[in-house]
Amino acid sequence: MTARRTDLTAPRTPRGFADRGAAELAATRSMVEKIRKVYELWGFDEVETPFLEYTDALGKFLPDQDRPNAGVFSLKDDDDQWLSLRYDLTAPLARHVAENFQKLAKPYRSYRFGPVFRNEKPGPGRFRQFLQFDADIVGAASVAADAEMCMMMADTLDALGLRGKYVIKVNNRKILDGVMEAIGLGGEENAGRRLTVLRAIDKLDRLGTKGVKALLGEGREDESGDFTKGAGLEAPDIDKILQLLTAAEGGELISSDNHFQTLMGRTSSLNDNTTFHSGIVELIAISDICNKIGYNSERIRLDFSVVRGLEYYTGPVFEAELTFKIAGDDGKPIQFGSVGGGGRYDGLVGRFMAEDVPATGFSIGVSRLQAALAALKGPDEAAKTAGPVVVLALDRDRIGDSMALAARLRAEGVAAEVYLGSSGMKAQMKYADRRKAPVVVIQGSDEREKGEVTLKDLIEGAKAAAAISDRAEWTESRPAQVTVPEARLVEEVKAILKRHG
RNA sequence: GCCGCCAUAGCUCAGUUGGUUAGAGCGCUUGAUUGUGGAUCAAGAGGUCCCUGGUUCGAGCCCAGGUGGUGGUACCA
């Protein structure tokens with residue numbers, strides 16, 4: 001027996017990172033192409049930025065003030081400058097725009113796709129590297145740009161076959177800011193409490209009115225016994241916020257003056273606040289545009305509980321949510337929830353340059369959306385991808401003959417490979433089976449002498465085998481197999497492939 | 001980050017109050033029936049019982065710390 005080696009390295013992917021196989025990559029590719037097509041149809045140009053940025057170019061908007069450096073992978077360059085892996089595609093875009101400001105035609109419409117990295121606790125379906133696909137308009141202050149973003153996001157999900165299975169929820173940060181001003185939380189000194197209030201509102205869909213109420217007041221204790229400190233608001237102020245959250249109930253985009261009046265009626269105590277009021281006016285404008293073009297409340301809706309990023313959004317915010325549930329492995333329904341979102345961030349480019357540059361955009365979580373699409377299709381779909389035709393190598397001295405057969409198939413555009421291992425025929429058949437080969441090409445000495453090849457249709461054969469339980473019958477029938485002259489190889493293989501689409 | 005649960009073969013899991021050489025099913029490899037995937041039969045490979053330390057005559061089992069996973073929660077740009 002061999003001695004145990006102690007110098008072996010354990011093969012392992014880093015925590016929260018994953019290898020991706022052919023089927024998954026193919027699904028990503030097809031998704032990405034569909035999304036790209038929509039973006040380009042709307043007149044967006046692709047741009048690519050590096051994975052690494054100088055930390056200060058990303059850093060100011062790290063959201064969690066308690067742990068300003070957590071969440072990001074950073075390293076020090078040889079000139080002592082800190083670099084970080086990008087954690088989204090928006091901050092790098094802001095840098096790109098500021099750096100090339102004179103060259104770019106504005107409003108600048110661009111899209112980006114690629115991996116982003118977050119150094120935080122991974123979970124099921126949640127990785128430390130994942131894909132995003134963003135689109136942004138920089139240099140357009142009008143809410144018409146925000147309306148475009150909502151509509152394009154809807155188009156994108158439509159293109160992915162999700163019509164009727166999602167909703168784009170729209171809100172405006174000015175509305176939330178206005179409410180907080182109205183209850184005396186304006187000004188620098190209340191920034192911390194405003195954050196707490198926004199976080200509480202963001203949890204409405206998960207914790208319900210009751211949970212949010214607790215978080216706005218004293219605080220809330222969760223099932224594990226952990227206590228989350230609340231915002232400490234007075235009861236009448238809490239009511240004002242809850243009143244707002246329910247004001248958009250019915251889930252309609254404000255489509256007319258009539259709706260506007262109704263809404264204003266429901267939020268009467270807040271309408272004197274100018275910030276709040278201008279937020280409402282902006283939403284009406286977005287709503288008018290969307291409705292005019294035919295994006296009704298089936299696709300785009302008003303929802304005052306949408307908060308999104310806590311730091312940099314300044315105006316309209318939107319979130320794409322999948323509305324269907326899927327049965328998980330344990331039978332419990334899984335709600336996929338948010339698969340993307342965005343909003344207006346008028347201050348983000350401005351931190352690189354003296355002038356403010358208005359911008360709006362959104363991001364699609366490709367990895368998450370792909371998981372949802374896969375779950376929607378069911379597990380069988382992924383297994384259907386066909387492998388190459390496998391040419392068996394029965395006679396080791398004549399491997400060149402096998403390679404010549406494969407070459408002929410390739411020359412006609414049929415994916416083909418020769419078995420290059422050292423096992424016998426049975427193992428080679430098994431190999432072809434596992435490769436998901438649709439066809440196996442067999443040429444042993446028998447066939448070669450007669451100038452023939454035997455072709456076996458593995459897909460048809462598998463069906464036939466299911467009906468056979470008797471050994472003799474199996475041997476006898478040689479299911480789904482034909483022997484043809486070598487000259488007809490390509491033609492016959494193509495015919496079999498065609499039968500299976 | 002905080003709280004809880006879990007860790008035995010490639011996978012899913014057994015493993016008695018702490019007691020000899022740690023098991024099963026599936027999968028994998030090889031062979032038989034034939035030069036052919038399935039079925040059947042036979043044989044075989046595969047384990048630091050997560051790691052380190054402790055208790056004990058003796059630890060897969062008990063204790064402590066660590067690591068990894070998982071379920072909440074926090075955060076989610």
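So that the names make sense, note that chain A is the first sequence line, chain B the second, and so on, each numbered from 1.
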| message | Please give the distance between the C1' atoms of rC63(B) and rG27(B) as a whole number of Å. | response | 37 Å
| query | Hey, is Asp401(A) close enough to Arg398(A) for a salt bridge, meaning N to O under 4.0 Å? | reply | yes
| What's the CZ-P distance between Arg448(A) and rG35(B), to the nearest Å? | 16 Å
| query | Can you list, by residue number, the residues of residues 422-429 of chain A that have a non-hydrogen atom closer than 4.0 angstrom to RNA chain B? | reply | Ser423(A), Met425(A), Lys426(A), Met429(A)
| Spacing of Leu198(A) atom CG relative to rA74(B) atom P, expressed in whole Å | 15 Å
| request: Using the P atom on both, measure rC6(B) against rG65(B) and round to a whole Å. | output: 15 Å
| request: Inspect the contact between Asp395(A) and Arg448(A) and indicate whether a charged nitrogen and a carboxylate oxygen are less than 4.0 angstrom apart. | output: yes
| Note: Glu491(A)-Lys494(A) ion pair, threshold 4.0 Å (strictly below) | no
| What is the distance, rounded to the nearest whole Å, between atom CD of Glu53(A) and atom P of rA77(B)? | 19 Å
| request: Identify whether any heavy atom of Lys456(A) sits under 4.0 Å from a base atom; if not, whether one sits that close to sugar-phosphate; answer base, sugar-phosphate or nothing. | output: base
| said: If I pick the P atom on rC11(B) and the same atom on rC5(B), what distance separates them, to the nearest angstrom? | reply: 25 Å
| task | Rounded to the nearest angstrom, tell me the gap between atom CG in Asp136(A) and atom P in rA77(B). | result | 14 Å
| message | Under 4.0 Å between a side-chain nitrogen and a carboxylate oxygen: does that hold for Arg301(A) and Glu319(A)? | response | no
| task | Provide the distance between the two P atoms, one in rG23(B) and one in rA9(B), to the nearest whole Å. | result | 14 Å
| query | Between Glu321(A) and Lys169(A), does at least one N-O distance fall below 4.0 Å, as a salt bridge requires? | reply | yes
| In terms of the angle between their ring planes, are Tyr111(A) and Phe133(A) parallel, tilted or perpendicular, with boundaries placed at 30° and 60°? | tilted
| request: For Gln443(A), answer base if it contacts any base atom (sugar-phosphate contacts may also be present), sugar-phosphate if it contacts only those atoms, and nothing otherwise; contact means non-hydrogen atoms under 4.0 Å. | output: nothing
| task | Walk me through it: do Tyr431(A) and Tyr419(A) pass the test ring pair (Phe, Tyr, Trp, His ring centres under 6.0 Å)? | result | CA-CA 8 Å; Tyr431(A) 171 80; Tyr419(A) 175 80; 5.2 Å; yes
| said: Under 4.0 Å between a side-chain nitrogen and a carboxylate oxygen: does that hold for Glu417(A) and Arg435(A)? | reply: yes
| said: Rounded at 0.5 Å granularity, tell me how far CZ in Arg95(A) sits from CD in Glu99(A). | reply: 5.0 Å
| field | Pairwise C1' distance for rG18(B) and rC26(B), with rounding to whole Å | value | 31 Å
| Taking atom C1' of rA74(B) as reference, at what distance in whole Å does atom CG of Leu215(A) sit? | 11 Å
| query | Nearest nucleotide by nearest heavy atom, which residue falls closer to the 5' end of RNA chain B, Gly461(A) or Pro122(A)? | reply | Gly461(A)
| message | Under 4.0 Å, counting only non-hydrogen atoms across every strand here, what does Arg434(A) touch: a base, just sugar-phosphate, or nothing? | response | sugar-phosphate
| request: Give a yes or no on whether a salt bridge exists between Asp136(A) and Arg112(A), defined as a side-chain N under 4.0 angstrom from a carboxylate O. | output: yes
| request: Check every strand shown and say whether Leu394(A) touches a base, only sugar-phosphate, or nothing at a heavy-atom separation below 4.0 Å. | output: base
| task | Answer with base, sugar-phosphate or nothing: what part of the nucleic acid does Asp457(A) contact at a heavy-atom distance below 4.0 Å? | result | base
| request: Would you classify Lys229(A) as touching base, sugar-phosphate or nothing, given that sugar-phosphate means primed atoms plus P, OP1 and OP2, and contacts are heavy atoms under 4.0 Å? | output: nothing
| said: Would you measure the distance from the C1' atom in rA7(B) across to the matching atom in rC50(B) and give it in whole Å? | reply: 6 Å
| message | Just N and O in the side chain of Lys430(A): are any of them under 4.0 Å from OP1 or OP2 of rU29(B)? | response | yes
| task | Report yes or no: is there a donor-acceptor pair, N or O only, under 3.5 Å between the side chain of Arg118(A) and the base of rA77(B)? | result | yes
| field | Side-chain N or O of Arg199(A) closer than 4.0 Å to phosphate OP1/OP2 of rA74(B) | value | no
| query | Taking CZ from Phe127(A) and C1' from rG69(B), how many angstroms apart are they, rounded to a whole number? | reply | 13 Å
| request: Round to the nearest Å and state the distance from Arg126(A) atom CZ to rA77(B) atom P. | output: 10 Å
| Whole-Å P distance, rC75(B) and rC28(B) | 47 Å
| query | Can we say Lys229(A) and Glu218(A) salt-bridge, meaning some charged N sits less than 4.0 Å from an Asp/Glu carboxylate O? | reply | no
| task | Verify the distance criterion only: is there a donor paired with an acceptor across the side chains of Arg368(A) and Ser338(A) at less than 3.5 Å? | result | no
| Taking atom C1' of rU73(B) as reference, at what distance in whole Å does atom NZ of Lys121(A) sit? | 8 Å
| query | How is the base pairing of RNA chain B summarised as a dot-bracket string, given the Watson-Crick and G-U wobble criteria with both distances under 3.5 Å, [ ] for crossing and | for another strand? | reply | (((((((..((((.....[...)))).(((((.......))))).....(((((..]....))))))))))))....
| field | Per Tyr312(A) side chain, nearest of listed nucleotides rG37(B), rA77(B), rU73(B) | value | rA77(B)
| request: Between rG44(B) and rC61(B), how far apart are the P atoms? Round to whole Å, please. | output: 30 Å
| What nucleic acid atoms does Ala462(A) come within less than 4.0 Å of, heavy atoms only: base, sugar-phosphate, or nothing? | base
| message | If you assign each of Phe117(A) and Leu458(A) to its closest nucleotide in RNA chain B, which residue comes earlier from the 5' end? | response | Leu458(A)
